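The structure appears right after this line, and notes come after that.
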Amino acid sequence: MSIHVRYFASLRETMGRIEERLSPEGIVTVSDVWKVVHQGEAFPDHLLCAVNMAYAKPDSPVQDGDEVAFFPFVTGG
Amino acid sequence: MSIHVRYFASLRETMGRIEERLSPEGIVTVSDVWKVVHQGEAFPDHLLCAVNMAYAKPDSPVQDGDEVAFFPFVTGG
Amino acid sequence: MEIQLSETPFDPYALLRDFEREPDHLRAHFGAASLFIGTMRDFNEGEAVESLWLEHYPRMTEHELQRIAQEVQQSAPFKRGLIVHRVGHIVPGETIVLIGTWSCHRAEAITATSRMIEALKHRAPFWKKEQRGTKSHWVESNTSGSGINVASKPVKT
Amino acid sequence: MEIQLSETPFDPYALLRDFEREPDHLRAHFGAASLFIGTMRDFNEGEAVESLWLEHYPRMTEHELQRIAQEVQQSAPFKRGLIVHRVGHIVPGETIVLIGTWSCHRAEAITATSRMIEALKHRAPFWKKEQRGTKSHWVESNTSGSGINVASKPVKT
(Lines give C-alpha, C1' and ligand atoms only; values in the text may rest on other atoms or scores of the structure.)
Protein backbone atom coordinates (compact mmCIF):
# COMPACT_ATOMS: atom_id res chain seq x y z
CA MET A 1 0.00 0.00 0.00
CA SER A 2 0.96 3.64 -0.05
CA ILE A 3 -0.22 7.18 0.61
CA HIS A 4 -1.43 8.92 -2.50
CA VAL A 5 -0.45 12.62 -2.51
CA ARG A 6 -2.00 15.10 -4.94
CA TYR A 7 -1.30 18.76 -5.74
CA PHE A 8 -3.53 21.31 -7.43
CA ALA A 9 -3.36 24.67 -9.17
CA SER A 10 -0.38 26.94 -8.38
CA LEU A 11 1.03 24.39 -5.92
CA ARG A 12 0.97 21.73 -8.61
CA GLU A 13 2.96 24.09 -10.81
CA THR A 14 5.53 25.05 -8.16
CA MET A 15 5.89 21.41 -7.10
CA GLY A 16 6.35 20.40 -10.72
CA ARG A 17 4.24 17.32 -10.17
CA ILE A 18 0.58 16.28 -10.09
CA GLU A 19 0.77 13.41 -7.67
CA GLU A 20 3.10 10.97 -5.98
CA ARG A 21 2.89 7.88 -3.81
CA LEU A 22 4.63 7.77 -0.45
CA SER A 23 5.63 4.84 1.64
CA PRO A 24 3.43 5.01 4.76
CA GLU A 25 6.20 4.35 7.30
CA GLY A 26 6.51 7.09 9.88
CA ILE A 27 3.46 8.98 8.64
CA VAL A 28 0.80 9.68 11.27
CA THR A 29 -0.66 13.07 10.29
CA VAL A 30 -1.10 15.36 7.29
CA SER A 31 1.85 17.36 8.62
CA ASP A 32 4.06 14.28 8.37
CA VAL A 33 3.11 13.87 4.70
CA TRP A 34 4.06 17.48 4.02
CA LYS A 35 7.38 17.07 5.83
CA VAL A 36 8.30 14.03 3.76
CA VAL A 37 7.90 15.92 0.49
CA HIS A 38 9.31 19.23 1.81
CA GLN A 39 12.47 18.19 3.62
CA GLY A 40 10.97 18.55 7.07
CA GLU A 41 9.29 21.94 6.58
CA ALA A 42 6.10 22.73 8.52
CA PHE A 43 2.79 22.90 6.66
CA PRO A 44 2.30 26.57 5.68
CA ASP A 45 -0.69 28.77 6.57
CA HIS A 46 -1.45 29.74 3.00
CA LEU A 47 -2.35 26.24 1.86
CA LEU A 48 -5.26 23.91 2.47
CA CYS A 49 -5.25 20.14 2.81
CA ALA A 50 -7.73 17.33 2.39
CA VAL A 51 -7.73 13.66 3.36
CA ASN A 52 -9.85 11.37 1.23
CA MET A 53 -11.54 14.35 -0.42
CA ALA A 54 -12.65 16.06 2.79
CA TYR A 55 -10.98 19.12 4.32
CA ALA A 56 -8.47 18.23 7.00
CA LYS A 57 -6.12 19.97 9.42
CA PRO A 58 -2.34 19.57 9.61
CA ASP A 59 -2.80 17.32 12.64
CA SER A 60 -5.52 15.17 11.08
CA PRO A 61 -4.59 11.47 11.02
CA VAL A 62 -3.42 9.79 7.83
CA GLN A 63 -3.49 6.06 7.24
CA ASP A 64 -2.01 3.75 4.69
CA GLY A 65 -4.17 3.88 1.56
CA ASP A 66 -5.38 7.43 2.15
CA GLU A 67 -5.44 10.13 -0.49
CA VAL A 68 -3.90 13.38 0.81
CA ALA A 69 -4.23 16.56 -1.22
CA PHE A 70 -2.55 19.96 -0.87
CA PHE A 71 -3.75 23.10 -2.62
CA PRO A 72 -4.00 26.90 -2.40
CA PHE A 73 -7.10 28.81 -1.30
CA VAL A 74 -9.97 28.04 -3.61
CA THR A 75 -11.27 30.60 -6.11
CA GLY A 76 -14.32 29.09 -7.76
CA GLY A 77 -17.77 30.54 -8.37
CA MET B 1 -61.91 70.98 -8.38
CA SER B 2 -62.41 67.99 -6.15
CA ILE B 3 -60.69 65.23 -4.22
CA HIS B 4 -60.53 61.97 -6.11
CA VAL B 5 -61.03 58.96 -3.81
CA ARG B 6 -60.21 55.42 -4.94
CA TYR B 7 -60.76 52.00 -3.37
CA PHE B 8 -59.03 48.71 -4.13
CA ALA B 9 -59.44 44.97 -3.62
CA SER B 10 -61.65 43.82 -0.72
CA LEU B 11 -62.32 47.42 0.34
CA ARG B 12 -63.56 48.22 -3.16
CA GLU B 13 -65.96 45.30 -2.85
CA THR B 14 -67.24 46.16 0.63
CA MET B 15 -67.60 49.83 -0.34
CA GLY B 16 -69.46 48.83 -3.48
CA ARG B 17 -67.64 51.47 -5.47
CA ILE B 18 -64.36 51.99 -7.30
CA GLU B 19 -63.98 55.72 -6.89
CA GLU B 20 -65.76 58.93 -6.04
CA ARG B 21 -65.11 62.65 -6.08
CA LEU B 22 -65.51 64.70 -2.93
CA SER B 23 -65.98 68.38 -2.51
CA PRO B 24 -62.78 69.64 -0.82
CA GLU B 25 -64.49 71.84 1.77
CA GLY B 26 -63.54 70.93 5.34
CA ILE B 27 -60.96 68.34 4.23
CA VAL B 28 -57.46 68.85 5.66
CA THR B 29 -56.08 65.32 6.14
CA VAL B 30 -56.54 61.75 4.89
CA SER B 31 -58.55 61.10 8.05
CA ASP B 32 -61.00 63.79 7.04
CA VAL B 33 -61.53 62.11 3.67
CA TRP B 34 -62.26 58.81 5.39
CA LYS B 35 -64.70 60.46 7.79
CA VAL B 36 -66.68 62.04 4.95
CA VAL B 37 -67.26 58.66 3.29
CA HIS B 38 -67.74 56.75 6.57
CA GLN B 39 -70.10 58.92 8.58
CA GLY B 40 -67.40 60.25 10.87
CA GLU B 41 -65.65 56.98 11.64
CA ALA B 42 -61.91 56.99 12.37
CA PHE B 43 -59.52 55.50 9.84
CA PRO B 44 -59.02 51.84 10.82
CA ASP B 45 -55.69 50.14 11.57
CA HIS B 46 -56.18 47.35 9.06
CA LEU B 47 -56.16 49.62 6.02
CA LEU B 48 -53.49 51.58 4.19
CA CYS B 49 -53.79 54.92 2.47
CA ALA B 50 -51.98 56.81 -0.24
CA VAL B 51 -52.04 60.40 -1.45
CA ASN B 52 -51.10 60.97 -5.08
CA MET B 53 -49.81 57.41 -5.37
CA ALA B 54 -47.42 57.53 -2.42
CA TYR B 55 -48.08 55.96 0.97
CA ALA B 56 -49.52 58.41 3.49
CA LYS B 57 -50.60 58.45 7.13
CA PRO B 58 -54.06 59.31 8.42
CA ASP B 59 -52.80 62.76 9.40
CA SER B 60 -51.08 63.44 6.06
CA PRO B 61 -52.38 66.63 4.42
CA VAL B 62 -54.80 66.48 1.52
CA GLN B 63 -55.36 69.32 -0.92
CA ASP B 64 -57.91 70.07 -3.55
CA GLY B 65 -57.05 68.08 -6.69
CA ASP B 66 -55.33 65.25 -4.80
CA GLU B 67 -55.96 61.58 -5.42
CA VAL B 68 -56.53 59.70 -2.15
CA ALA B 69 -56.62 55.90 -2.13
CA PHE B 70 -57.68 53.43 0.54
CA PHE B 71 -56.86 49.74 0.42
CA PRO B 72 -56.13 46.62 2.50
CA PHE B 73 -52.63 45.26 3.21
CA VAL B 74 -50.93 44.38 -0.01
CA THR B 75 -50.37 40.75 -1.05
CA GLY B 76 -48.33 40.83 -4.24
CA GLY B 77 -45.23 38.90 -5.17
CA MET C 1 -34.84 50.09 -13.07
CA GLU C 2 -36.91 48.31 -15.69
CA ILE C 3 -40.45 47.58 -14.49
CA GLN C 4 -42.97 45.56 -16.45
CA LEU C 5 -46.54 44.66 -15.53
CA SER C 6 -47.89 41.86 -17.64
CA GLU C 7 -51.51 40.87 -18.18
CA THR C 8 -50.47 37.70 -19.99
CA PRO C 9 -48.26 34.76 -18.96
CA PHE C 10 -44.54 35.21 -19.55
CA ASP C 11 -41.57 32.86 -19.62
CA PRO C 12 -39.10 34.28 -17.08
CA TYR C 13 -36.12 32.61 -18.74
CA ALA C 14 -36.89 33.84 -22.26
CA LEU C 15 -37.46 37.30 -20.80
CA LEU C 16 -34.18 37.25 -18.87
CA ARG C 17 -32.24 36.16 -21.92
CA ASP C 18 -33.68 39.03 -23.95
CA PHE C 19 -33.13 41.55 -21.15
CA GLU C 20 -29.50 40.55 -20.75
CA ARG C 21 -28.87 41.02 -24.47
CA GLU C 22 -30.11 44.61 -24.43
CA PRO C 23 -28.38 46.97 -24.90
CA ASP C 24 -25.25 44.83 -24.49
CA HIS C 25 -24.35 41.53 -22.96
CA LEU C 26 -25.25 42.43 -19.37
CA ARG C 27 -23.55 39.55 -17.59
CA ALA C 28 -20.23 39.98 -19.38
CA HIS C 29 -20.01 43.43 -17.75
CA PHE C 30 -21.63 42.70 -14.44
CA GLY C 31 -20.62 39.19 -13.52
CA ALA C 32 -23.13 38.53 -10.74
CA ALA C 33 -26.86 38.08 -11.25
CA SER C 34 -29.28 37.37 -8.43
CA LEU C 35 -32.76 36.34 -9.46
CA PHE C 36 -35.97 35.61 -7.62
CA ILE C 37 -38.96 33.98 -9.27
CA GLY C 38 -42.32 33.58 -7.58
CA THR C 39 -44.73 31.17 -9.20
CA MET C 40 -48.38 30.43 -8.55
CA ARG C 41 -48.56 27.13 -6.73
CA ASP C 42 -51.34 24.61 -7.24
CA PHE C 43 -51.85 24.34 -3.48
CA ASN C 44 -52.07 26.86 -0.65
CA GLU C 45 -52.64 25.98 3.01
CA GLY C 46 -53.33 22.39 1.95
CA GLU C 47 -56.12 23.25 -0.48
CA ALA C 48 -56.12 23.16 -4.27
CA VAL C 49 -56.16 26.67 -5.73
CA GLU C 50 -57.62 26.90 -9.23
CA SER C 51 -56.77 30.44 -10.14
CA LEU C 52 -55.81 33.84 -8.84
CA TRP C 53 -57.00 37.31 -9.65
CA LEU C 54 -54.28 39.90 -9.20
CA GLU C 55 -55.51 43.46 -8.82
CA HIS C 56 -53.17 46.43 -8.64
CA TYR C 57 -53.17 50.21 -8.43
CA PRO C 58 -52.06 51.29 -11.89
CA ARG C 59 -49.25 53.87 -11.86
CA MET C 60 -48.86 53.79 -8.06
CA THR C 61 -47.48 50.26 -8.54
CA GLU C 62 -44.79 51.51 -10.89
CA HIS C 63 -44.02 54.53 -8.70
CA GLU C 64 -43.72 52.42 -5.55
CA LEU C 65 -41.50 49.84 -7.27
CA GLN C 66 -39.22 52.63 -8.47
CA ARG C 67 -39.08 54.07 -4.94
CA ILE C 68 -38.20 50.61 -3.61
CA ALA C 69 -35.46 50.24 -6.23
CA GLN C 70 -33.99 53.62 -5.30
CA GLU C 71 -33.99 52.80 -1.60
CA VAL C 72 -32.39 49.39 -2.15
CA GLN C 73 -29.83 51.04 -4.42
CA GLN C 74 -28.60 53.10 -1.44
CA SER C 75 -27.56 50.09 0.61
CA ALA C 76 -26.86 47.60 -2.18
CA PRO C 77 -25.68 49.53 -5.25
CA PHE C 78 -26.58 47.16 -8.08
CA LYS C 79 -25.89 48.09 -11.70
CA ARG C 80 -29.03 46.97 -13.49
CA GLY C 81 -32.43 45.83 -12.24
CA LEU C 82 -35.59 44.24 -13.56
CA ILE C 83 -38.98 43.63 -11.99
CA VAL C 84 -41.73 41.86 -13.90
CA HIS C 85 -45.06 41.26 -12.17
CA ARG C 86 -48.22 39.62 -13.43
CA VAL C 87 -51.62 41.23 -13.04
CA GLY C 88 -55.05 39.88 -13.92
CA HIS C 89 -56.05 36.22 -14.16
CA ILE C 90 -53.33 33.71 -13.23
CA VAL C 91 -53.36 29.89 -13.14
CA PRO C 92 -51.01 27.47 -11.30
CA GLY C 93 -47.52 27.17 -12.75
CA GLU C 94 -47.53 30.72 -14.11
CA THR C 95 -44.88 33.13 -12.93
CA ILE C 96 -46.23 35.89 -10.68
CA VAL C 97 -43.06 37.87 -10.08
CA LEU C 98 -39.53 37.98 -11.44
CA ILE C 99 -36.87 40.16 -9.85
CA GLY C 100 -33.33 40.37 -11.16
CA THR C 101 -30.37 42.51 -10.26
CA TRP C 102 -26.93 42.56 -11.84
CA SER C 103 -23.73 43.83 -10.30
CA CYS C 104 -19.97 43.35 -10.47
CA HIS C 105 -19.79 41.37 -7.23
CA ARG C 106 -22.24 38.99 -5.67
CA ALA C 107 -22.89 40.88 -2.40
CA GLU C 108 -24.72 43.78 -4.03
CA ALA C 109 -26.86 41.66 -6.32
CA ILE C 110 -27.87 39.11 -3.67
CA THR C 111 -28.67 41.79 -1.11
CA ALA C 112 -30.53 43.95 -3.62
CA THR C 113 -32.77 41.18 -4.93
CA SER C 114 -33.63 39.89 -1.48
CA ARG C 115 -34.48 43.40 -0.20
CA MET C 116 -36.44 44.11 -3.33
CA ILE C 117 -38.74 41.08 -3.04
CA GLU C 118 -39.20 41.78 0.67
CA ALA C 119 -40.15 45.41 0.07
CA LEU C 120 -42.36 44.50 -2.90
CA LYS C 121 -44.31 42.01 -0.78
CA HIS C 122 -44.91 44.62 1.92
CA ARG C 123 -45.38 47.78 -0.09
CA ALA C 124 -46.23 47.33 -3.76
CA PRO C 125 -50.00 47.81 -4.25
CA PHE C 126 -50.98 44.35 -5.49
CA TRP C 127 -53.81 42.25 -4.10
CA LYS C 128 -54.51 38.57 -4.67
CA LYS C 129 -57.92 36.97 -4.79
CA GLU C 130 -57.84 33.18 -4.73
CA GLN C 131 -60.35 30.89 -6.40
CA ARG C 132 -60.70 27.57 -4.55
CA GLY C 133 -63.50 25.43 -5.93
CA THR C 134 -66.62 27.59 -6.14
CA LYS C 135 -65.36 30.02 -3.48
CA SER C 136 -63.11 33.01 -3.90
CA HIS C 137 -61.51 35.13 -1.22
CA TRP C 138 -58.97 37.91 -0.88
CA VAL C 139 -55.63 36.82 0.52
CA GLU C 140 -55.31 38.75 3.77
CA SER C 141 -51.57 39.03 4.22
CA ASN C 142 -48.31 37.82 2.84
CA THR C 143 -46.20 35.24 4.63
CA SER C 144 -43.29 36.81 6.43
CA GLY C 145 -39.88 37.01 4.84
CA SER C 146 -36.44 35.96 5.89
CA GLY C 147 -36.11 38.18 8.93
CA ILE C 148 -35.40 41.36 7.04
CA ASN C 149 -36.81 44.18 9.13
CA VAL C 150 -39.64 45.80 7.21
CA ALA C 151 -42.25 48.02 8.87
CA SER C 152 -45.59 46.24 8.89
CA LYS C 153 -47.47 49.37 7.92
CA PRO C 154 -45.39 51.39 5.49
CA VAL C 155 -45.77 55.14 5.59
CA LYS C 156 -44.36 57.94 3.54
CA THR C 157 -41.69 59.65 5.63
CA MET D 1 -28.97 18.12 -4.69
CA GLU D 2 -28.23 17.99 -8.39
CA ILE D 3 -24.60 18.83 -9.15
CA GLN D 4 -23.21 19.22 -12.65
CA LEU D 5 -19.68 20.07 -13.73
CA SER D 6 -19.53 21.16 -17.34
CA GLU D 7 -16.48 21.33 -19.59
CA THR D 8 -18.46 23.14 -22.26
CA PRO D 9 -20.45 26.40 -22.21
CA PHE D 10 -24.06 26.12 -21.08
CA ASP D 11 -27.07 28.38 -21.28
CA PRO D 12 -28.27 28.80 -17.68
CA TYR D 13 -31.81 29.65 -18.73
CA ALA D 14 -32.25 26.68 -21.06
CA LEU D 15 -30.81 24.47 -18.34
CA LEU D 16 -33.13 25.90 -15.68
CA ARG D 17 -36.16 25.42 -17.87
CA ASP D 18 -35.27 21.76 -18.44
CA PHE D 19 -34.47 21.19 -14.77
CA GLU D 20 -37.80 22.64 -13.66
CA ARG D 21 -39.71 20.35 -16.02
CA GLU D 22 -38.18 17.18 -14.55
CA PRO D 23 -39.68 15.15 -13.02
CA ASP D 24 -42.65 17.50 -12.67
CA HIS D 25 -43.26 21.21 -12.93
CA LEU D 26 -41.03 22.28 -10.05
CA ARG D 27 -42.26 25.83 -9.59
CA ALA D 28 -45.94 24.86 -9.53
CA HIS D 29 -45.17 22.86 -6.37
CA PHE D 30 -42.52 25.04 -4.81
CA GLY D 31 -43.50 28.61 -5.60
CA ALA D 32 -40.23 30.34 -4.75
CA ALA D 33 -37.01 30.03 -6.73
CA SER D 34 -33.82 31.86 -5.83
CA LEU D 35 -31.09 31.81 -8.45
CA PHE D 36 -27.55 33.03 -8.59
CA ILE D 37 -25.57 33.22 -11.82
CA GLY D 38 -21.89 34.08 -11.96
CA THR D 39 -20.52 34.98 -15.36
CA MET D 40 -17.00 35.54 -16.60
CA ARG D 41 -16.53 39.26 -17.02
CA ASP D 42 -14.44 40.81 -19.75
CA PHE D 43 -12.62 42.97 -17.19
CA ASN D 44 -11.09 42.31 -13.77
CA GLU D 45 -9.31 44.92 -11.67
CA GLY D 46 -9.49 47.31 -14.63
CA GLU D 47 -7.69 45.00 -17.05
CA ALA D 48 -9.10 43.06 -19.99
CA VAL D 49 -9.20 39.35 -19.27
CA GLU D 50 -9.11 37.15 -22.35
CA SER D 51 -9.83 33.78 -20.88
CA LEU D 52 -9.87 31.71 -17.75
CA TRP D 53 -8.67 28.22 -16.96
CA LEU D 54 -10.74 26.58 -14.26
CA GLU D 55 -9.07 23.65 -12.52
CA HIS D 56 -10.85 21.51 -9.95
CA TYR D 57 -10.36 18.44 -7.80
CA PRO D 58 -12.53 15.81 -9.47
CA ARG D 59 -14.83 13.97 -7.06
CA MET D 60 -13.81 16.09 -4.05
CA THR D 61 -15.65 18.95 -5.77
CA GLU D 62 -18.87 16.95 -5.94
CA HIS D 63 -18.43 15.65 -2.36
CA GLU D 64 -17.79 19.12 -0.95
CA LEU D 65 -20.75 20.63 -2.82
CA GLN D 66 -22.98 17.89 -1.43
CA ARG D 67 -21.68 18.57 2.08
CA ILE D 68 -22.38 22.29 1.59
CA ALA D 69 -25.91 21.52 0.39
CA GLN D 70 -26.55 19.31 3.42
CA GLU D 71 -25.29 21.96 5.84
CA VAL D 72 -27.33 24.72 4.21
CA GLN D 73 -30.35 22.42 4.27
CA GLN D 74 -30.17 22.40 8.09
CA SER D 75 -30.71 26.13 8.45
CA ALA D 76 -32.65 26.82 5.24
CA PRO D 77 -34.65 23.71 4.34
CA PHE D 78 -35.11 24.10 0.61
CA LYS D 79 -36.99 21.48 -1.44
CA ARG D 80 -34.86 21.13 -4.53
CA GLY D 81 -31.40 22.39 -5.44
CA LEU D 82 -29.14 22.67 -8.44
CA ILE D 83 -25.49 23.64 -8.80
CA VAL D 84 -23.84 23.81 -12.20
CA HIS D 85 -20.19 24.87 -12.42
CA ARG D 86 -17.93 25.25 -15.41
CA VAL D 87 -14.46 23.73 -15.51
CA GLY D 88 -11.74 24.03 -18.15
CA HIS D 89 -11.34 26.86 -20.64
CA ILE D 90 -13.78 29.77 -20.27
CA VAL D 91 -14.15 33.02 -22.21
CA PRO D 92 -15.90 36.28 -21.22
CA GLY D 93 -19.69 36.15 -21.22
CA GLU D 94 -19.80 32.46 -20.40
CA THR D 95 -21.54 31.33 -17.25
CA ILE D 96 -19.17 30.05 -14.55
CA VAL D 97 -21.66 29.07 -11.88
CA LEU D 98 -25.40 28.63 -11.58
CA ILE D 99 -27.03 27.93 -8.23
CA GLY D 100 -30.75 27.45 -7.82
CA THR D 101 -32.92 26.45 -4.91
CA TRP D 102 -36.68 25.96 -4.83
CA SER D 103 -38.95 26.06 -1.80
CA CYS D 104 -42.53 26.77 -0.83
CA HIS D 105 -41.73 30.15 0.67
CA ARG D 106 -39.14 32.72 -0.27
CA ALA D 107 -37.14 32.81 2.97
CA GLU D 108 -35.73 29.30 2.59
CA ALA D 109 -34.82 29.64 -1.07
CA ILE D 110 -33.20 33.07 -0.76
CA THR D 111 -31.23 32.09 2.33
CA ALA D 112 -30.19 28.74 0.87
CA THR D 113 -28.90 30.12 -2.43
CA SER D 114 -26.98 32.94 -0.78
CA ARG D 115 -25.34 30.58 1.75
CA MET D 116 -24.58 28.10 -0.98
CA ILE D 117 -22.70 30.54 -3.21
CA GLU D 118 -20.84 31.88 -0.17
CA ALA D 119 -19.79 28.40 0.94
CA LEU D 120 -18.94 27.36 -2.61
CA LYS D 121 -16.63 30.36 -3.01
CA HIS D 122 -14.78 29.52 0.19
CA ARG D 123 -14.75 25.74 0.15
CA ALA D 124 -15.36 24.08 -3.20
CA PRO D 125 -12.00 23.02 -4.70
CA PHE D 126 -11.95 25.16 -7.83
CA TRP D 127 -9.03 27.35 -8.92
CA LYS D 128 -9.01 30.07 -11.56
CA LYS D 129 -6.08 30.99 -13.76
CA GLU D 130 -6.57 34.20 -15.69
CA GLN D 131 -5.11 34.98 -19.08
CA ARG D 132 -4.46 38.71 -19.56
CA GLY D 133 -2.62 39.48 -22.78
CA THR D 134 0.42 37.21 -22.91
CA LYS D 135 0.49 36.71 -19.14
CA SER D 136 -1.41 34.21 -17.07
CA HIS D 137 -1.66 34.02 -13.30
CA TRP D 138 -3.55 32.14 -10.66
CA VAL D 139 -6.27 34.17 -8.92
CA GLU D 140 -5.18 34.28 -5.30
CA SER D 141 -8.43 34.72 -3.43
CA ASN D 142 -12.08 35.37 -3.95
CA THR D 143 -13.67 38.72 -3.16
CA SER D 144 -15.50 38.68 0.12
CA GLY D 145 -19.22 38.04 0.27
CA SER D 146 -22.09 39.89 1.78
CA GLY D 147 -21.05 39.66 5.40
CA ILE D 148 -22.03 36.07 5.87
CA ASN D 149 -19.67 34.62 8.44
CA VAL D 150 -17.61 31.91 6.81
CA ALA D 151 -14.35 30.61 8.24
CA SER D 152 -11.45 31.69 6.06
CA LYS D 153 -9.74 28.35 6.37
CA PRO D 154 -12.33 25.59 6.34
CA VAL D 155 -11.57 22.45 8.28
CA LYS D 156 -13.31 19.18 8.68
CA THR D 157 -14.89 19.06 12.13
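Basis for what follows: all heavy atoms, side chains included, without hydrogens, waters or symmetry-related copies. Everything numeric here is computed off the predicted structure, so don't read it as measured data. Order of the sequence lines fixes the chain letters, A, B, ..., with proteins taken first and strands second; residue numbering starts at 1 for each chain.
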Checklist entry - What part of Ala50(B) is in contact with chain C, defined as an atom under 4.5 angstrom from a non-hydrogen atom: side chain, backbone, both or neither? => result side chain

Checklist entry - Quick one: does Lys121(C)'s side chain have a donor or acceptor within less than 3.5 Å of a partner on Val74(B)'s backbone? => result no

Item to check | Side chain / backbone / both / neither for His56(C) at chain B, heavy atoms under 4.5 Å | outcome: backbone

Item to check | Heavy-atom contact with chain B under 4.5 Å, split by part of Lys129(C) | outcome: side chain

Checklist entry - Could you give the distance from OH (Tyr55(B)) to NE2 (His63(C)), rounded to the nearest 0.5 Å? => result 13.5 Å

Checklist entry - Would you say the side chain of Tyr57(C) lies within less than 4.5 Å of the side chain of Arg6(B), judging by non-hydrogen atoms? => result yes

Checklist entry - Which atom names give the shortest non-hydrogen contact between Pro72(B) and Trp127(C), and what distance separates them? => result O-NE1, 3.0 Å

Checklist entry - Partners of Ser23(B) by side chain to side chain donor-acceptor pair (under 3.5 Å), sequence neighbours excluded? => result Glu25(B)

Checklist entry - Who passes side chain to side chain donor-acceptor pair (under 3.5 Å) against Glu94(C), sequence neighbours left out? => result Arg86(C)

Item to check | Within residues 68-79 of chain C or reaching into it, pairs that qualify as salt bridge (charged side-chain N to carboxylate O under 4.0 Å, His left out) - sequence neighbours excluded | outcome: Glu71(C)-Arg123(C)

Item to check | Neighbourhood of chain C inside residues 10-21 of chain B, taking heavy atoms under 4.5 Å as contact | outcome: Ser10(B), Arg12(B), Glu13(B)

Checklist outcome for this item: Heavy-atom nearest pair, Val139(C) first then Thr75(B), reads O-CG2, 3.4 Å

Item to check | Side-chain heavy atoms of Met60(C) within contact of Phe8(B), under 4.5 Å | outcome: no

Item to check | Within 6.0 angstrom of Glu140(C) CD, more than 12 heavy atoms from elsewhere | outcome: no

Checklist entry - For Arg59(C), does the CZ atom have more than 12 heavy-atom neighbours from other residues, nucleotides or ligands under 6.0 Å away? => result no

